[in-house]
Structures are given as structure tokens and as C-alpha cells.
Amino acid sequence: MDEREGPDGQTLYVSREVERGNKAPFRVVYTDPEAETRWGFFCENCESFDTAVDSMGRIQCNVCSNFHKAEEWDAAHE
């Protein structure tokens, strides 16, 4: 895992686990090197931690608009 400084100065660990985005992959981020506590996602396109995830699993970078569509869609979510 890659160690990086997070938005609030804390140390975050960017894993090799990825979710495909339309511009570049999103990498899963953890707060600990053992990957026990998940923190969020890191956008490989603009190298930002400023991402958002909704209840359907869509991921979007708030900086460059890179996005990952939900894997499954269910009308019950509407």
C-alpha cells in the first residue's frame, strides 16, 4: 500500500484495490496499514481524496468528475 497524507494531515494508506472510473481508476483507501478500517477512495485521475459515494455504490470525484457507475441497479432504490 502507498502511504499518503490525507486532507486533514492524517496518514492514509492507498491500496491496490480498484474500482473502474470513466477517466481513471479509484483506489480503496484505509486508515491503517493492515487494511482493517476503510476510509474511502482515491481518484487516480487527479490524485484527490475528495470523492463521494452514494447508497447505490456510485463513486464520483468532486474535483475532476471522474465517476464509477453502480454495479447493479434495482428499481427499489428509486
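Because the structure is predicted, anything quoted here is derived from the model rather than measured.
With rounding to the nearest 0.5 Å, the separation of CE in M1 from OH in Y13 is 8.0 Å. From C61, atom SG reaches atom CZ of F41 across 12.5 Å, with rounding to the nearest 0.5 Å. Summarising the geometry, atom CD belonging to E5 is positioned 7.5 Å from atom OG1 belonging to T11; distances are rounded to the nearest 0.5 Å.
In terms of modelled atom types and a separation under 3.5 Å, the side chain of S15 and the main chain of V28 share a donor-acceptor contact. Remark: the backbone N or O of M56 is paired with a side-chain donor or acceptor of D54 at under 3.5 angstrom.
No path of Ile, Leu, Val, Met, Phe, Trp and Tyr side chains, each step under 4.5 Å between heavy atoms, connects L12 with V53, placing them in separate hydrophobic clusters. No continuous path of ILVMFWY side-chain contacts below 4.5 Å connects V29 to V18, so the two sit in separate hydrophobic clusters. I59 and V14 are members of different hydrophobic clusters when ILVMFWY side chains are connected at heavy-atom separations under 4.5 Å.
A 4.5 Å side-chain heavy-atom check between C43 and C64 finds at least one atom pair inside the cut-off. Contact of the Q10 side chain with the P7 side chain is registered, since non-hydrogen atoms from C-beta on lie closer than 4.5 Å.
Side-chain atoms of N62 and D50 form a donor-acceptor pair, as typed in the model, at a separation below 3.5 Å.
Screening residues 20-34 for side chain to side chain donor-acceptor pair (under 3.5 Å) gives D2-R27, E17-Y30, R27-E44 as the qualifying pairs, with residues at least two apart or on separate chains. Listed by first then second residue, pairs satisfying ring-ring contact (aromatic ring centres under 6.0 Å, His included) with a partner in residues 45-64 read W39-F49, F42-F49, not counting sequence neighbours.
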I would like to know whether Q60 and H68 meet side-chain contact (heavy atoms from CB on, under 4.5 Å); could you show each step before the answer? CA-CA 6 Å; Q60 181 163 346; H68 166 78; over 6 Å; no

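Considering every non-hydrogen atom in both P25 and N66, the closest pair reads O-ND2, 4.3 Å.
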